[in-house]
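For reference, the structure is listed below as structure tokens.
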Amino acid sequence: MDGTFVRNRITELRLKKGVSEYQMSYDLGHSRSYIYNISSGKSLPPMAEFLEICNYFGITPSQFFDDSIENPALLQSAIDELRKLNDDDMMLIIGHIRRLTKEQK
């Protein structure tokens, strides 16, 4: 991974969330140019800020770096809800998922 991936991924996730660079900077408590500076390659966020950015998007750092996931925030929301289920309900959901994924092939 390099700085270009981080910048591009932040931009991709920001656009999917539908917020401007200015709004995201403001939401994170920074000056209006904070995200612009990251997106343009002038800087990269330090680790603590990177974790805040992941939190802002509602994803884990692992999901941030997995660009094969089309909508990581939606996936994380599903995972959060699944954690609330008991084992029997979880097996029921897994069965439905397997049926749906077979139908899409």
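Residues V19 and R14 share a closest heavy-atom pair of O-NH1, 2.9 Å. The two residues I35 and E21 make their nearest non-hydrogen contact at CB-O, 3.7 Å. S25 and S33 get closest at one heavy-atom pair: OG-C, 4.3 Å. Closest heavy-atom contact between F5 and D67: CE1-OD2, 3.6 Å. Closest approach of V6 and F64 over heavy atoms only: O-CZ, 3.8 Å.
Within 6.0 Å of CZ on F50 lie more than 12 heavy atoms contributed by other residues, nucleotides or ligands. No more than 12 heavy atoms of other residues, nucleotides or ligands shown are found within 6.0 angstrom of CG on D87. Counted within 6.0 Å of OH on Y36, heavy atoms from surrounding residues, nucleotides or ligands total 12 or fewer; the atom is thus considered open.
Clustering ILVMFWY residues whenever any of their side-chain heavy atoms sit less than 4.5 angstrom apart, transitively, puts L85 in the very cluster that holds M91. If you chain together hydrophobic residues whose side chains sit under 4.5 Å apart, I59 and F65 fall into the same group. Linking ILVMFWY side-chain heavy atoms closer than 4.5 Å, directly or via other members, places L15 and F57 in two distinct hydrophobic clusters. Follow the hydrophobic side-chain contacts under 4.5 Å out from L28 and you reach L13 in the same cluster. Linking ILVMFWY side-chain heavy atoms closer than 4.5 Å, directly or via other members, places L44 and M47 in a single hydrophobic cluster.
In this structure, the side chains of D66 and P72 stay at 4.5 Å or more apart for every pair of heavy atoms. Side-chain atoms of D89 and N86, non-hydrogen and from C-beta on, do get closer than 4.5 Å to each other. You'll find the side chain of M24 stays beyond 4.5 Å of the side chain of K17, heavy atoms only. With a 4.5 Å cut-off on side-chain heavy atoms, K42 and I38 do not count as touching. In this structure, the side chains of I79 and Q63 come closer than 4.5 Å at one or more pairs of heavy atoms.
Checked by atom type and distance alone, the side chain of T11 never pairs as donor or acceptor with a backbone atom of S39 at under 3.5 Å. Q23 contributes no side-chain N or O that, together with a main-chain N or O of S20, makes up a donor-acceptor pair within less than 3.5 Å.
The structure places CD1 of I93 at 12.0 Å from CG of D88, a figure rounded to the nearest 0.5 Å. A distance of 3.5 Å separates OH in Y56 from CG in D27, rounded to the nearest 0.5 Å. In this structure, the separation between OG on S77 and CG on L82 is 9.5 Å, given to the nearest 0.5 Å.
Residues that satisfy the side chain to side chain contact (heavy atoms under 4.5 Å, CB included) test with R99, not counting sequence neighbours, are H96, E103. The side-chain hydrogen bond (donor to acceptor under 3.5 Å, both in side chains) search around Y34 returns none, not counting sequence neighbours. Taking R9 as the reference, E12 meet the side-chain hydrogen bond (donor to acceptor under 3.5 Å, both in side chains) condition, with sequence neighbours excluded.
Shown are P45, P61, P46; of these, the side chain to side chain contact (heavy atoms under 4.5 Å, CB included) with L51 is made only by P61.
T4 and R7 are linked by a side-chain donor-acceptor pair at a separation below 3.5 angstrom, with hydrogens and angles left out of the test.
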